[in-house]
Amino acid sequence: MTDAGRGVVASPDTKAINRMTISLLSQPVNLGLARVAVAAFFSQLDIMVSELEEIKVAVSEAVSNAILHGYLREPDRWITVTAAIYPGWLEIVVEDRGEGFCEADPPPPGSDGHEDGFGMGFALMRSFMDEVVLVSAPGQGTRVVMRKKIRGASMATPENPVAGNC
Amino acid sequence: MTDAGRGVVASPDTKAINRMTISLLSQPVNLGLARVAVAAFFSQLDIMVSELEEIKVAVSEAVSNAILHGYLREPDRWITVTAAIYPGWLEIVVEDRGEGFCEADPPPPGSDGHEDGFGMGFALMRSFMDEVVLVSAPGQGTRVVMRKKIRGASMATPENPVAGNC
Amino acid sequence: MMMQMEDKGCSLVARLTGEMDLQVADHLRSALDSAMGEKGTRYLVLDLSGVSFIDSSGLGVILGRYRRLAQSGGRVSLVGLSPPVKNVLELSGLLRIMREYSSAGEALAGLE
Amino acid sequence: MMMQMEDKGCSLVARLTGEMDLQVADHLRSALDSAMGEKGTRYLVLDLSGVSFIDSSGLGVILGRYRRLAQSGGRVSLVGLSPPVKNVLELSGLLRIMREYSSAGEALAGLE
Ligand SMILES: Nc1ncnc2c1ncn2[C@@H]1O[C@H](COP(=O)(O)OP(=O)(O)O)[C@@H](O)[C@H]1O
Ligand SMILES: Nc1ncnc2c1ncn2[C@@H]1O[C@H](COP(=O)(O)OP(=O)(O)O)[C@@H](O)[C@H]1O
């Protein structure tokens with residue numbers, strides 16, 4: 001698995017303003033937790049609720065893929081979700097140490113033929129984020145790096161709350 | 001720092017049914033995230049809302065202590081919060097690698113004289129949890145292990161949702 | 001996920017509440033299929049006004065029911081889409097093959 | 001945390017909304033103190049009906065204002081305690097030294 005290079009949104013070597021990592025077991029019951037934790041973390045930004053909702057979908061897709069395709073529904077494997085705020089963009093990294101796939105030849109959506117397979121996971125992630133980088137190799141697991149531009153000085157502070165007249 | 005021994009609530013060597021860890025930076029802005037993540041994780045249990053609210057207070061106290069006393073408000077240090085479900089009890093561990101204190105001679109509440117210091121952190125943790133174990137040593141950081149009994153087969157499942165007639 | 005079913009002859013109105021993701025997809029799929037099988041449903045009206053979240057696992061359940069009914073000339077209608085849910089349904093193209101109505105009553109009338 | 005102040009002569013009614021924790025404690029403390037100083041407040045009525053969470057950092061802010069006012073014979077009254085907030089206030093003993101009223105109007109009347 002190569003390192004996820006900096007892309008369109010991110011500039012190199014920038015230090016995160018804030019960052020968190022959540023490690024969860026590969027069980028569908030933990031999907032809500034992943035979404036809620038990421039949304040709670042980014043709610044410190046002066047971000048639109050509709051953007052938070054879209055970020056939740058992107059997280060849900062990436063974690064569902066790790067459960068279904070990475071770990072083939074094995075329930076006791078670890079998935080890590082990292083969320084970080086940089087000046088001008090936010091980043092989410094979802095990582096598993098499961099099956100992986102060949103980056104040079106990414107599998108078409110729904111390729112493992114699960115029932116009702118919708119094959120829209122990556123498409124939704126790409127719609128809702130400005131940049132999606134896949135880092136994967138067979139047997140090595142998968143890392144999905146998602147980035148989204150945010151308005152420059154958009155931190156909410158107690159003195160300057162997101163919604164408030166404090 | 002010695003290992004936090006099993007206590008009144010927990011039986012030794014039991015495997016967690018589900019578990020998560022969240023790592024966050026020592027900034028007050030992350031307190032809400034810690035509370036929300038722990039509450040979202042335990043909401044898979046068939047637990048009362050009032051109990052979830054009390055758990056949030058206990059988490060908030062332990063994380064606030066790590067920020068204030070462990071890291072003396074340094075904003076870029078890591079705090080880890082682990083939440084786990086065992087058969088019959090739940091466990092929360094809050095850990096910092098900060099100042100620590102002498103376990104044999106625990107400092108009285110409010111001992112560092114911060115303004116309006118309320119000195120009720122551990123008292124509230126003890127009121128709201130069935131067991132609180134402190135593991136700390138000067139210069140070694142602090143681990144707070146909190147356990148609470150839960151009703152035996154209290155997992156909420158999609159087939160048997162917490163509130164539902166599915 | 002909560003589910004309330006109301007049988008209206010050829011039509012089944014299912015009111016869903018909660019988050020439509022991988023956690024509930026299997027259960028939801030089999031609950032809908034068994035209700036539809038029992039009742040010989042031709043038209044499925046999904047009232048999603050209580051659904052706060054949907055991702056592709058939820059979309060998959062809807063699309064699967066659509067495919068099943070479409071084979072025999074049936075249809076799926078949607079009611080009560082909140083802005084985030086509608087956003088995902090639109091992006092996925094589902095709203096190009098299923099109609100949205102403003103109430104279950106209108107959806108049922110639209111089927112006649 | 002949102003804050004709305006209403007000056008009623010010797011009394012100040014402060015309506016707080018949000019979560020009273022370490023994140024907002026410093027700001028809340030200085031906002032209350034400066035409003036109370038400006039207005040020469042003797043009685044502080046804290047309307048917490050919009051407060052969904054409180055921990056010992058929030059308790060500390062309330063207790064600090066109480067101590068300040070008590071020195072000059074003043075008082076702090078509480079209004080609109082949700083069950084979780086009331087639970088914490090009771091456990092901490094604050095409800096033994098401050099009275100709870102069912103509305104700001106009643107609290108003000110109780111001060112006369
Ligand atoms: N974490 C992962 N580990 C292994 N394979 C993955 C992972 N994520 C995605 N894939 C592969 O990429 C394909 C496309 O994924 P996606 O666009 O989400 O559609 P779907 O999950 O519905 O198939 C999947 O079918 C799977 O083969
Ligand atoms: N994580 C920690 N690291 C170092 N010291 C701590 C930590 N948590 C608590 N303490 C010490 O224990 C004392 C009592 O804590 P507590 O009961 O929460 O009251 P308070 O925080 O208001 O002083 C603190 O004043 C501090 O000296």
Side-chain angles (χ1 to χ4, degrees), chain A residues 15-47 52 55-56 59-60 63 66-67 74-86 90 92-95 154-164, chain B residues 15-47 52 55-56 59-60 63 66-67 74-86 90 92-95 154-164:
Chain A
K15 204 171 162 285
I17 295 167
N18 199 354
R19 171 188 289 282
M20 71 106 178
T21 298
I22 181 160
S23 306
L24 34 95
L25 290 173
S26 48
Q27 300 172 15
V29 71
N30 294 327
L31 275 167
L33 168 64
R35 293 193 295 262
V36 161
V38 171
F41 178 74
F42 286 129
S43 68
Q44 70 190 275
L45 293 169
D46 187 7
I47 196 175
L52 276 183
I55 288 170
K56 277 162 120 174
V59 168
S60 207
V63 176
I67 294 173
E74 262 183 89
D76 55 356
R77 308 290 302 273
W78 287 103
I79 300 166
T80 61
V81 181
T82 298
I85 297 167
Y86 292 91
L90 61 80
I92 301 158
V93 182
V94 177
E95 202 161 350
S154 59
M155 299 293 292
T157 64
E159 292 75 33
N160 182 21
V162 170
Chain B
K15 204 171 162 286
I17 295 167
N18 198 355
R19 172 189 287 282
M20 72 105 179
T21 299
I22 181 160
S23 306
L24 33 96
L25 290 172
S26 48
Q27 299 173 15
V29 71
N30 293 327
L31 275 167
L33 168 65
R35 293 192 296 260
V36 161
V38 170
F41 178 74
F42 287 128
S43 68
Q44 70 189 275
L45 293 169
D46 187 8
I47 195 176
L52 276 184
I55 288 170
K56 277 162 121 174
V59 169
S60 207
V63 176
I67 294 173
E74 264 183 87
D76 55 356
R77 308 291 301 274
W78 287 103
I79 299 166
T80 61
V81 181
T82 297
I85 297 167
Y86 292 91
L90 60 80
I92 301 158
V93 182
V94 177
E95 202 161 352
S154 59
M155 299 293 292
T157 63
E159 291 75 35
N160 183 21
V162 169

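All heavy atoms count here, side chains included; hydrogens, waters and symmetry mates do not. The sequence lines fix the lettering, A, B, ..., with proteins before strands; numbering per chain opens at 1.
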Exercise for the section: State, to 0.1 Å, how close B:Ala40 and A:Val36 come at their nearest heavy-atom pair, and which atoms those are. Expected result: CB-CG1, 3.9 Å
Completion exercise
To the nearest 0.5 Å, atom CD1 of A:Ile22 lies from atom OG1 of B:Thr80 at 12.0 Å
Practice task
To the nearest 0.5 Å, tell me how far B:Asp76 CG sits from A:Asn18 CG.
Solution key: 11.0 Å
Exercise for the section: Could you tell me whether the side chain of A:Asn30 reaches within less than 4.5 Å of the side chain of B:Met20, counting heavy atoms only? Expected result: no
Exercise for the section: Sequence neighbours left out, what passes side-chain hydrogen bond (donor to acceptor under 3.5 Å, both in side chains) with A:Thr21? Give chain and number order. Expected result: A:Thr82
